[in-house]
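Reading through the C-alpha cells given below for one structure.
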Amino acid sequence: LMVLGCAPKEEVKPEDAPPPPPSADELYGRLRQPLDPMFNAVAANTPFSNQQRTAAVSGVQSAKNGMGLEPNAPEAFKRITRDLEDLIKRAKDAENWRVVKGGIESYKVFQRAEKRYDDDEEYADLILARPTVAVTGFFVQDGEEIVFLDVTEADSNKTTKYKVREGEDFHEVLQLVRIIGKRESIEMLYKPVNQTWNVKAPNRSAS
C-alpha cells in the first residue's frame with residue numbers, strides 16, 4: 001500500500017526548461033549591427049550620408065529598446081559605449097563630421113545625461129550646416145572683379161545666387177576672401193568656425 005501511494009516525481013525534461021537569456025556577446029552583436037556602416041566609413045575613409053546616419057542612430061535605439069530587462073544587457077551596453085567613444089575619436093581625427101555627429105547621437109542613446117561631447121556635437125553641427133558654393137562666372141565692373149556664385153543650403157538644397165567682390169561678406173556666414181590666379185578658383189571663408197576652403201571656377205573656353 002505504501003508503494004502504491006507514492007507516485008514518482010515527474011522529471012523535468014531538458015526541452016521543457018526555459019531557454020537561457022541572450023548572452024552579452026549576442027546582445028552586443030545586435031547593438032553593433034546598425035552601427036557598422038559608421039565604423040566602416042571611418043575605417044575606409046569613405047563618405048557617409050545623412051540618411052545612413054539617421055538609420056544607424058534609429059537602429060541602435062530600436063535594438064536597445066528591444067532588450068528590455070535582459071540580465072546581460074548592461075554588459076553589452078558598456079561594450080558598445082566603449083566602441084562609440086573610440087569611433088568618435090577616430091572620426092574627429094579623420095574630420096568625418098557626419099560620423100562624429102552620428103557617433104555622439106548613438107552614444108547618448110546609452111548615456112543620455114553625459115555632456116562630454118556637447119562641444120564636439122555643436123562643432124559638427126556647424127560644419128555640416130556649411131553651404132555649398134559654386135562659381136558660375138566672373139565680371140569686371142568699375143575696375144573691380146565680381147564673382148557670380150550659387151550658394152546651396154546643406155539642409156534644404158535651396159540655392160541663392162550672388163554677385164560678390166573680394167573681401168565681401170554674404171549669405172550671413174560666408175566671405176569671399178580672394179580670387180586665386182587668373183580666375184582659376186576662389187578662396188572662401190566659413191565664418192562660424194573660421195574655416196577656409198578653395199572653390200574651383202568652371203573651365204573657360206579658349207576664346
Compare all side-chain heavy atoms of Leu126 with those of Gln195 and state whether any distance is below 4.5 angstrom. no
Carefully, step by step, assess Lys89 and Glu85 under the rule salt bridge (Lys or Arg N to Asp or Glu O under 4.0 Å). CA-CA 6 Å; Lys89 180 181 183 302; Glu85 290 170 348; over 6 Å; no
Working to the nearest 0.5 angstrom, can you tell me the gap between Glu122 CD and Lys101 NZ? 10.5 Å
Rounded to the nearest 0.5 angstrom, the CG-CD1 distance for Leu87 and Ile104 is 9.5 Å
Run the side-chain donor-acceptor check on residues 33-42: report pairs under 3.5 Å with partners two or more places apart or on a different chain.
from	atom 1	to	atom 2	distance (Å)
Asp36	OD1	Arg32	NE	2.9
Asn40	ND2	Asp36	O	3.3

Treating Ile, Leu, Val, Met, Phe, Trp and Tyr as nodes and any side-chain heavy-atom pair under 4.5 angstrom as an edge, say whether Leu174 and Leu128 lie in one connected cluster. yes
Measure from NZ or CZ of Lys108 to the centre of the six-membered ring of Tyr117, then state whether that distance is under 6.0 Å and the direction lies within 45° of the axis. no
Report the C-alpha distance between Val193 and Arg130 in whole Å, list the side-chain angles of each, state the deciding distance to 0.1 Å, and finish with yes or no for side-chain contact (heavy atoms from CB on, under 4.5 Å). CA-CA 10 Å; Val193 294; Arg130 192 188 83 178; over 6 Å; no
Dump the intermediate steps for side-chain contact (heavy atoms from CB on, under 4.5 Å) on Glu168 and Leu176, then the final yes or no. CA-CA 6 Å; Glu168 185 176 352; Leu176 172 57; 5.6 Å; no
Would you mind listing the cluster partners of Leu189? Hydrophobic ones only (ILVMFWY), side-chain contacts under 4.5 Å, chaining allowed. Val177
Atom CZ of Arg98 and atom OG1 of Thr54: how far apart are they, to the nearest 0.5 Å? 9.0 Å
For a quick test of reading the model, state the closest non-hydrogen atom pair linking Ser185 to Lys200 and the distance between them. CB-CA, 3.8 Å
Answer with yes or no whether the hydrophobic clustering places Ile80 together with Val57; edges join I, L, V, M, F, W, Y residues whose side-chain heavy atoms lie under 4.5 Å apart. no
Answer whether the closest heavy-atom distance between the side chains of Arg165 and Gln141 falls below 4.5 Å. yes
How close do Gln175 and Asp169 get, counting heavy atoms only, and between which atoms? NE2-OD1, 2.8 Å
Between Leu84 and Phe110, does the side-chain contact (heavy atoms from CB on, under 4.5 Å) criterion hold? Intermediate values first, please. CA-CA 10 Å; Leu84 287 166; Phe110 303 95; 4.2 Å; yes
Using every non-hydrogen atom in the two residues, find where Val100 and Ile88 come nearest and quote the distance to one decimal. CG2-O, 4.3 Å
When clusters are formed from ILVMFWY side-chain contacts under 4.5 Å, directly or step by step, what else is grouped with Val140? none
Considering non-hydrogen atoms only, spot the tightest contact between Ile186 and Ile180 and give its length. C-CD1, 4.0 Å
Quick one: list whatever passes side-chain hydrogen bond (donor to acceptor under 3.5 Å, both in side chains) with Thr152, sequence neighbours left out. Thr159
Are there over 12 heavy-atom neighbours, none belonging to Asp119, within less than 6.0 Å of that residue's CG? no
Any side-chain heavy-atom pair from Leu149 and His171 closer than 4.5 angstrom? no
Interatomic distance, Ser106 atom OG to Asp83 atom CG [nearest 0.5 angstrom]: 11.5 Å
Is it true that atom NZ of Lys78 has more than 12 heavy atoms of other residues, nucleotides or ligands lying nearer than 6.0 Å? no
Any Phe170 side-chain heavy atom under 4.5 Å of Val151 side chain: yes
Does some side-chain heavy atom of Pro202 sit less than 4.5 Å from a side-chain heavy atom of Thr136? no
Inter-residue atom distance Asp86.CG - Thr81.OG1, 0.5 Å rounding: 12.5 Å
What is the minimum heavy-atom distance between Ala129 and Tyr190, and which atoms define it? C-OH, 3.8 Å
Apart from Phe148 itself, members of its ILVMFWY cluster (side-chain separation under 4.5 Å) are Phe139
Salt bridge Arg30-Glu26, side-chain N to carboxylate O under 4.0 Å: yes
Can you sort out the partners of Glu114 under side-chain hydrogen bond (donor to acceptor under 3.5 Å, both in side chains), two or more places apart, ordered by chain and number? none
Among Glu187, Glu145, Glu166, the one residue meeting salt bridge (charged side-chain N to carboxylate O under 4.0 Å, His left out) with Arg178: Glu187
On a heavy-atom basis, which atom in Ala24 and which in Asn72 lie closest, and how many Å separate them? N-CB, 3.6 Å
Taking the side chain as every heavy atom from C-beta outward, state whether Trp97 and Lys92 have any atom pair closer than 4.5 Å. yes
Establish whether Tyr162 and Ile146 are linked, either directly or via other cluster members, by ILVMFWY side-chain heavy-atom contacts under 4.5 Å. no
Once you round to the nearest 0.5 Å, how far does CD of Glu184 lie from CD1 of Ile179? 11.5 Å
If hydrophobic clusters are built from ILVMFWY residues whose side chains come within less than 4.5 Å, do Val109 and Leu27 share one? yes
Step-by-step side-chain contact (heavy atoms from CB on, under 4.5 Å) determination, Glu105 to Arg53: CA-CA 9 Å; Glu105 288 177 314; Arg53 177 185 65 82; 2.4 Å; yes
